[in-house]
Number of protein chains: 2
Amino acid sequence: MKVLIVDDDRTLADLLAFAMRRAGFEPHLAFDAQGAMQVFDDLPVDIIILDVNLPGSQELKNGFDICREIRKVSDVPIILLTVRDDEEDIVKGLNIGADDYILKPFSPRQLVARVQAVLRRASAESVPEEAPYRYQDFQFDPARREVSRGGETPQNLTRLESRLLSYLMLNQGQVLPADNIITEVWGLDAANTEMLRQLVHRLRMKIEQDPENPILIKTLPGIGYGFGI
Amino acid sequence: MKVLIVDDDRTLADLLAFAMRRAGFEPHLAFDAQGAMQVFDDLPVDIIILDVNLPGSQELKNGFDICREIRKVSDVPIILLTVRDDEEDIVKGLNIGADDYILKPFSPRQLVARVQAVLRRASAESVPEEAPYRYQDFQFDPARREVSRGGETPQNLTRLESRLLSYLMLNQGQVLPADNIITEVWGLDAANTEMLRQLVHRLRMKIEQDPENPILIKTLPGIGYGFGI
DNA sequence: GCAAATTGTCACAACATTGTCACACGAATC
DNA sequence: GATTCGTGTGACAATGTTGTGACAATTTGC
């Protein structure tokens, strides 16, 4: 699976390339609009990761322009990379044909997960396997929706539990506001904190059975939750 | 049966060699175009597995070129290994004389099955291994559409049951989403989960008669099924 | 064309998952 | 100390999934 990464920050681009290669993709880099279009014309990529803040040139100024340009000729999935959490920008991005966006700063894991999600949505093709998450003796296999601790018998998670844990472990060590978790797990629409509390409770029952083992999901009162804090 | 494996990724090449050796073949490796042509000139191989993405050299750039080159002098079966799912590339590959292609990522089992299929198609006389699938004391012969367990009398499978079991055992130990199974068994068009449930049920009746024997087809609720998980 | 085998459809029970409510408990505030 | 707030927890209802039997529709072999 080929992925085209377009970002003028070479360090970041390299990092992304490394992460994608580890996840079984074949990354190709471009550092500006011209480079991006050139790679795109040359070889068929399966997905594009695009920084919206690129140094301008005459005809193609930023990521939005590239996105628009590509959409004229192809429906390859595009993920926008942006520091702006301005809703207007996100809406604009999605309107001109981007498939998803991701806000900086983000972890490489997160990006990989996002890419896989978009690909899974876009095509029935076989997407590289999702690697299991680890934290100390704790292990979570999102493909099987299975958690295990040490050598114990694995526990099965439900759809929502698995989504929650994915999000938590993807942002391991970070403080995650309840609202963010909710929109991530349930989607943009309905869902209240009560449902989240319940879900956290049920997840904890499955992964924190042993009283002597350390707490995995920590409550940050008034804010939200965090994994491995 | 000699098989020539051409891939610059040595780890992958080794893995493939191992899989092919297990399946009763005699693997020979080459890591670039020169090596491939050298092995090909030196000894008569029965089939070639060729990565299309090889590091370039002057006269022989990639797998396509090697394929073309070989076709000038021999009609040995060639299977292309590619990450591109671009139809154009596949058509191109088949046009210049490849016998089949397989998209990354794939399981070694899958490749072996593909190799056997190509060989069976190519040469009606020197049929290679008639390779039944095995799992513990369970055995499945896709050619005869017959399953047996231990020394018991074999059971006959129907066409769809056989296809389903082939797909499951080909991807043994993996999580297979219901949608993937459906498109694999029935084809792209119609078919709903109800039909899959029914088919799984019927297949189970034939291969899981004994209550003491372990479950072969595991249900992964909300996801799909998996064989030997 | 007919009978048998195969495949698709429907109905329903058993079970699992998710949403909702009620309430207990502890910390912070007054 | 009483109140308020946020959180954890149990119970239960609503909903969704899966397994299973019966039967109709279709295909296959003769």
Side-chain angles (χ1 to χ4, degrees), chain A residues 142 144-147 154-168 175-209 211 215-227 229, chain B residues 142 144-147 154-168 175-209 211 215-227 229:
Chain A
R144 286 173 166 64
R145 291 203 200 136
E146 220 174 58
V147 292
Q155 284 272 331
N156 285 89
L157 299 186
T158 70
R159 195 169 49 88
L160 290 181
E161 284 161 1
S162 172
R163 272 212 210 157
L164 173 61
L165 188 55
S166 287
Y167 185 58
L168 291 176
V175 175
L176 302 172
D179 286 348
N180 292 18
I181 300 177
I182 289 172
T183 55
E184 183 67 27
V185 173
W186 277 272
L188 297 158
D189 33 350
N192 46 36
T193 48
E194 173 62 28
M195 281 155 64
L196 177 58
R197 278 195 293 146
Q198 263 309 328
L199 191 62
V200 169
H201 179 228
R202 282 160 181 161
L203 182 53
R204 275 177 173 154
M205 299 270 283
K206 291 187 179 173
I207 72 179
E208 291 178 359
Q209 303 149 313
I215 297 169
L216 293 177
I217 302 175
K218 190 175 173 185
T219 305
L220 290 319
I223 310 172
Y225 298 89
F227 186 95
I229 297 187
Chain B
R144 296 169 155 282
R145 297 211 311 235
E146 224 174 56
V147 292
Q155 284 270 332
N156 285 86
L157 299 187
T158 70
R159 196 172 50 86
L160 288 182
E161 285 161 1
S162 172
R163 271 213 210 161
L164 173 61
L165 189 54
S166 288
Y167 185 58
L168 291 177
V175 174
L176 303 173
D179 287 347
N180 292 18
I181 301 177
I182 290 171
T183 55
E184 183 66 27
V185 174
W186 278 273
L188 296 158
D189 33 350
N192 46 34
T193 46
E194 173 62 30
M195 281 154 64
L196 177 58
R197 278 195 293 148
Q198 209 38 255
L199 190 62
V200 168
H201 176 60
R202 281 160 181 161
L203 182 54
R204 274 177 174 154
M205 298 272 283
K206 292 187 180 174
I207 72 178
E208 291 178 1
Q209 303 149 313
I215 299 168
L216 294 178
I217 302 176
K218 187 175 173 186
T219 304
L220 302 154
I223 310 174
Y225 297 89
F227 187 95
I229 296 188

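Residue numbering restarts at 1 for every chain, and letters A, B, ... go by the order of the sequence lines. The figures that follow rest on heavy atoms only: side chains count, while hydrogens, waters and symmetry mates do not.
By the 4.5 Å heavy-atom criterion applied to side chains, A:Ile181 and A:Val200 are not counted as neighbours.
In terms of phosphate contacts, B:Tyr225 brings no side-chain nitrogen or oxygen within less than 4.0 Å of OP1 or OP2 of D:dT17. The phosphate of C:dA16 (OP1 or OP2) has no side-chain N or O of A:Thr158 nearer than 4.0 angstrom. The phosphate of D:dT7 (OP1 or OP2) has no side-chain N or O of A:Thr193 nearer than 4.0 angstrom. For the pair B:His201 and D:dT20, the criterion of a side-chain N or O lying under 4.0 Å from OP1 or OP2 is met. For C:dT7, the OP1/OP2 oxygens have no side-chain nitrogen or oxygen of B:Trp186 closer than 4.0 Å.
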* To do: Quick one: do A:Lys206 and A:Leu165 satisfy side-chain contact (heavy atoms from CB on, under 4.5 Å)? Show the steps, please.
  => CA-CA 11 Å; A:Lys206 291 187 179 173; A:Leu165 188 55; over 6 Å; no
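Side chain A:Glu194 to base D:dG6: no donor-acceptor pair is found below 3.5 Å. In this model, a side-chain donor or acceptor of B:Arg202 finds a partner on the base of C:dG8 within 3.5 Å.
Proximity of a side-chain donor or acceptor of A:Arg202 to a complementary backbone N or O of A:Glu161 within less than 3.5 Å is not detected.
For A:Leu160, the side-chain atoms get nearest to C:dT18 when compared with the rest of D:dT20, D:dG10, C:dT18.
The distance between atom CG of A:Asp179 and atom P of D:dG6, rounded to the nearest whole Å, is 13 Å. Taking atom CG of residue A:Leu203 and atom C1' of nucleotide D:dG8, one finds them 14 Å apart after rounding to whole Å. Rounded to an integer number of Å, the gap from CG of A:Asn192 to P of D:dG6 is 14 Å. Spacing between atom CZ of A:Arg163 and atom P of C:dT17 amounts to 15 Å, rounded to whole angstrom units. The interatomic distance linking A:Met205 (CE) with D:dG8 (P) rounds to 13 Å, in whole Å. Computed from coordinates, the B:Met195 CE to D:dA24 C1' distance equals 15 Å when rounded to whole Å. Look at CD on B:Gln155: it is 11 Å from P on C:dT6, rounded to the nearest Å. Atom CD in B:Gln198 sits roughly 15 Å away from atom P in D:dA24 (whole-Å rounding).
Toward the 5′ end of DNA chain D lies the nearest nucleotide of A:Gly224, the other residue of the pair A:Arg159 and A:Gly224 mapping further downstream. Ranked by how close their nearest DNA chain C nucleotide is to the 5' end, A:Asn156 and B:Asn156 are led by B:Asn156. Comparing A:Arg197 and B:Gly222 along DNA chain D, the residue whose closest nucleotide (by nearest heavy atom) sits nearer the 5' end is A:Arg197.
Listed here is the closest heavy atom pair of B:Leu216 and B:Ile207: CD1-O, 3.9 Å.
Residue A:Tyr225 forms a side chain to side chain contact (heavy atoms under 4.5 Å, CB included) with just one option from A:Leu196, A:Leu176, A:Leu164, and that option is A:Leu196.
Heavy atoms of B:Glu161 sit nowhere under 4.0 angstrom from any nucleic acid atom.
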